[in-house]
Amino acid sequence: MRGDLGRPEAGLSPPPLLLASRSPQRRAILQQLEIPFEVVEPEYDEEPGGEPLEQAAGKARSVDGGDRPVLGVDTVVVCAGRRIGKPRDTAEAAEMLETLSGRTHEVVSGLCLRTTTWEELHAATTEVTFRALTARDVERYVISGEWEGRAGAYAIQGLGAGLVERIDGDYLNVVGLPAALLVSLLAARFPGAYGVG
């Protein structure tokens, strides 16, 4: 592949993306989309509830991709202007769920796709509305342990689906990776190479 808009020669596979992430959800989404990738641990310390664009860029920039594209992603939940990251313990998980109960919040992801010659840095937002949760709902979900390591203390692709009344936007963004945004960038930067564009 030559240049940022070059097309691969017939019969050649595109280079696997380097995913700068520890997230199993992001891996699963790339597999679902049949985008070839390899995982590289980012050498970047995340700030809990930090700015997602900055953290996505920090992750991607911490990896030396050589001639391959590097992907960094970070996601936070925002409710009533408050940025909500990953809970540290069961008490914080319960408090987050109570905050989201019966309200609409935003799942905001920062995405950085970069090579040695260019960098794309964008954000994607999905609105999620929770049904009104009872104390029993919160307790049951916290006991499940599914909240661990999840921004906003829930996983929409699992038991957390029962907390959600509706969503507006990219569902996979809530799962962990703004897939529509990534596919659009790959189509523009590498038309045809990753099966899109």
Side-chain angles (χ1 to χ4, degrees), residues 4 13-78 83-88 93 96 105-126 128 145-158 160 167 169-190 193-196:
D4 60 355
S13 299
L17 299 181
L18 292 180
L19 175 63
S21 177
R22 299 174 183 92
S23 167
Q25 290 77 35
R26 293 182 184 129
R27 297 176 198 181
I29 291 169
L30 290 176
Q31 289 170 341
Q32 177 183 340
L33 297 174
E34 297 184 354
I35 295 172
F37 71 98
E38 294 174 5
V39 175
V40 179
E41 291 272 326
E43 295 182 19
Y44 178 80
D45 292 325
E46 291 185 52
E47 176 189 340
E51 167 57 47
L53 277 173
E54 287 180 17
Q55 300 206 137
K59 292 175 188 179
R61 292 169 187 165
S62 75
V63 171
D64 179 8
D67 60 353
R68 292 195 282 175
V70 179
L71 174 64
V73 181
D74 189 69
T75 302
V76 297
V77 168
V78 179
R83 194 173 289 158
I84 301 173
K86 299 171 185 175
R88 290 170 291 207
M96 287 180 180
H105 61 273
E106 295 179 330
V107 177
V108 182
S109 291
L111 183 150
C112 181
L113 182 67
R114 67 187 314 269
T115 68
T116 55
T117 57
W118 53 261
E119 180 176 280
E120 294 274 7
L121 189 58
H122 302 274
T125 300
T126 303
V128 180
E146 191 178 73
W147 55 269
E148 294 184 51
R150 316 283 186 169
Y154 73 98
I156 196 170
Q157 72 276 22
I167 71 167
D170 183 353
Y171 166 79
L172 289 176
N173 184 40
V174 186
V175 177
L177 191 152
L181 172 58
L182 174 61
V183 167
S184 176
L185 292 175
L186 291 175
R189 287 289 184 175
F190 305 97
Y194 292 93
V196 294

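The structure presented is a predicted model; accordingly, all values stated were derived computationally and were not measured.
Taking all atoms of both residues into account, the shortest heavy-atom contact from Y171 to Q157 is OH-CA, 3.4 Å. For the residue pair M96 and K86, the shortest heavy atom distance occurs at CE-C, 3.9 Å. Closest approach of R27 and F37 over heavy atoms only: O-CZ, 3.6 Å. Heavy-atom minimum distance, R26 versus D74: NH2-CA, 3.9 Å. The minimum heavy-atom distance linking P87 with R150 is given by the pair CD-O, 3.2 Å. Minimum heavy-atom separation, A20 to V70: CB-CG1, 4.3 Å.
Atom CD of Q32 and atom CG of L172 lie 5.5 Å apart (nearest 0.5 Å). The OG1 atom of T115 lies 11.5 Å from the CG atom of L17; values are rounded to the nearest 0.5 Å. Distance check, rounded to the nearest 0.5 Å: OH of Y154 to CD1 of I84 gives 9.5 Å.
Checked by atom type and distance alone, the side chain of E146 pairs as donor or acceptor with a backbone atom of G160 at under 3.5 Å. Panel note: side chain T126, backbone D170; a donor-acceptor pair is recorded below 3.5 Å.
Screening I35, L182, L177 against I29 for a side-chain contact (heavy atoms from CB on, under 4.5 Å) leaves a single residue, L177.
Residues passing the side chain to side chain donor-acceptor pair (under 3.5 Å) test with E34, sequence neighbours excluded: none.
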Quick one: side chains of residues 42-53, donor-acceptor pairs under 3.5 Å with protein atoms, not counting sequence neighbours, listed by atom name and distance.
residue : atom : partner : partner atom : Å
E46     : OE2  : K59     : NZ           : 3.4
E51     : OE1  : R83     : NH2          : 3.4
E51     : OE2  : L53     : N            : 3.2

Side-chain donor/acceptor pairs under 3.5 Å, residues 106-113, sequence neighbours excluded:
residue : atom : partner : partner atom : Å
S109    : OG   : T75     : OG1          : 2.7
S109    : OG   : N173    : OD1          : 2.6

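Counting heavy atoms from C-beta outward, L33 and V196 have side chains that stay 4.5 Å or more apart. No side-chain heavy atom of S21 sits under 4.5 Å from any side-chain heavy atom of V73. Side-chain contact between T116 and D67 is absent, with no heavy atoms from C-beta onward closer than 4.5 Å.
In this structure, F190 and W118 have tilted ring planes: the angle between them lies in the 30° to 60° band.
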